[in-house]
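Quick caveat: nothing in here was measured; it's all calculated off a predicted structure. Each chain gets a letter, A, B and so on, in the order its sequence line appears, and its residues count up from 1.
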Number of protein chains: 2
Amino acid sequence: MLQKSLPMPTPISFSVHDHRACMIQAIDQAKQLCAKRKLRLTAIRQQVLQLIWQSHKPIGAYDLLALINQQGGKAAPPTIYRALDFLLEHGLIHRLASVNAFIGCICPEHGHQGSFLICRQCHRAQEVTHPTLTSKLQKLAQAQGFAVESTILEVSGLCQACQREQA
Amino acid sequence: MLQKSLPMPTPISFSVHDHRACMIQAIDQAKQLCAKRKLRLTAIRQQVLQLIWQSHKPIGAYDLLALINQQGGKAAPPTIYRALDFLLEHGLIHRLASVNAFIGCICPEHGHQGSFLICRQCHRAQEVTHPTLTSKLQKLAQAQGFAVESTILEVSGLCQACQREQA
DNA sequence: GATGGGACGTTATAATGTTACAAAAAAGTC
DNA sequence: GACTTTTTTGTAACATTATAACGTCCCATC
């Protein structure tokens, strides 16, 4: 069992790593967070979260639906979207607007905005933080009198492994 | 007729301004750009561009479709999407992933990435540039060995006018 | 005026997301 | 424990956004 407040997880989506540990940690974190906030991590919600964490590739709502029904469930779209809404609302996952898909949040306890590097080849995504960038953006908006509420930052490109493959 | 290579348009979406001038300039710019690149700004393409420029609010594909058919056309979705694809491809419009909608580009001649402030109340959007922010992002990505190809930056919040209204 | 490539029309369909209402399960109250 | 209340889930239908496939037309060029 890991410490509760790590400074910030190391970015590993694009690296070779023991992914089982990622999943276990994510589910464990979710359970702790729900316990702390008196939220109900129901069977479906946990199942959806687990499926999302099966890889570092964002997954679409209907792909999740198909997986759940393959596993013996018989869910309809609203079931999935409700689970996703719950997970989004409590910061356990992020939605990537540029690819209409969902990905696990690596640090649900932080109130931060997720920003992502998304490889167009292997489709893996890596959450990144950017303290100075965020403050710069804030200033830029303020200069226009604009009050920032939320920010979407999604970078598309090639991860290191896929660059090597390309060459 | 305006100069071809302005340094960068002033951000005015959230200000009171003569919007007819915006439209005229946009269409004029588009015509020039197409002439220069030997592209065909066909009737439908121009009509779609014009409709997009009717305001500074991003507009959805099916709203465009409805408008065109109101104006006597009888288009089907593919017609609209093809026009949108053309306009996107040549930098005349941007697609805002966070709201599934399209908005005119204020400086199609620049090769830059569009980034946007989007007011959640009046729905107007303002394209912004951020030279230092872009370079910071580039560095951040490089630190992870990630090769950036394109970036989506969409900030949601309240514009100045809507903040005043709120209070 | 042939002809070849790009643009458009048309029909159907895929993919993504939501509404509305009923049933079931869990939590709170006495 | 029996009751009420709230939350969650099931279910069917529907709404929105986007694409595929194929045929026709236009028109720029030779």
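When rounded to the nearest whole Å, the span between OH of A:Tyr81 and P of C:dA20 equals 18 Å. Atom pair B:Leu84:CG and C:dC8:P shows a separation of 12 Å (rounding to whole Å applied). Separating the CD1 atom of A:Ile68 from the P atom of D:dG10 is a distance of 10 Å, rounded to the nearest angstrom. Separating the CG atom of B:Leu88 from the C1' atom of D:dT19 is a distance of 15 Å, rounded to the nearest angstrom. For A:Tyr62 and D:dA15, the OH to C1' distance is 11 Å, given to the nearest whole Å. In this structure, B:Arg40 places its CZ atom 14 Å from P of C:dG5, rounding to the nearest Å. Straight-line distance from the CG atom of B:Asn100 to the P atom of C:dG17: 8 Å, rounded to whole Å. As a whole-Å value, the separation of B:Gln47 CD from C:dG9 P is 10 Å.
Under 4.0 angstrom from either OP1 or OP2 of C:dT10 there lies at least one side-chain N or O belonging to B:Lys74. Between D:dG10 and A:Thr79, a contact under 4.0 Å exists linking OP1 or OP2 to a side-chain N or O.
At the heavy-atom level, B:Arg82 lies under 4.0 Å from base atoms of the strands shown.
The side chain of A:Ile44 approaches D:dG10 more closely than any other nucleotide in the set C:dC8, D:dT11, D:dG10. Side-chain proximity of B:Pro77 to C:dT10, D:dT19, C:dG17: nearest is D:dT19. Of the candidate nucleotides C:dG9, C:dG17, D:dT7, C:dG17 has the atom lying nearest to any side-chain atom of A:Ala61. Taking the side chain of A:Pro78 as heavy atoms from C-beta on, and the options D:dA12, D:dA18, D:dT9, the nearest nucleotide is D:dA12.
Proximity of B:Gln144 to A:Gln160: side-chain heavy atoms (C-beta onward) are nowhere separated by under 4.5 Å. Looking at heavy atoms from C-beta onward, B:Thr151 lies out of side-chain contact with A:Ser156 at the 4.5 angstrom threshold. For the pair B:His19 and B:Gln54, the minimum side-chain heavy-atom distance is 4.5 Å or more.
Taking the six-membered ring for Trp and thresholds of 30 and 60 degrees, B:Trp53 and B:His56 have ring planes more than 60 degrees apart, a perpendicular arrangement.
Taking CG from A:Leu133 and CG from B:Leu140, the interatomic distance works out to 7.0 Å, rounded to the nearest 0.5 Å. In this structure, the separation between NZ on B:Lys57 and SG on B:Cys119 is 10.0 Å, given to the nearest 0.5 Å. Here CD of A:Glu149 is found 4.5 Å from CG of B:Leu158. Values are rounded to the nearest 0.5 Å.
The C1' atoms of five pairs define one axis at each end of the helix from C:dG1-D:dC30 to C:dC30-D:dG1, and these two axes lie 30° apart (to 10°).
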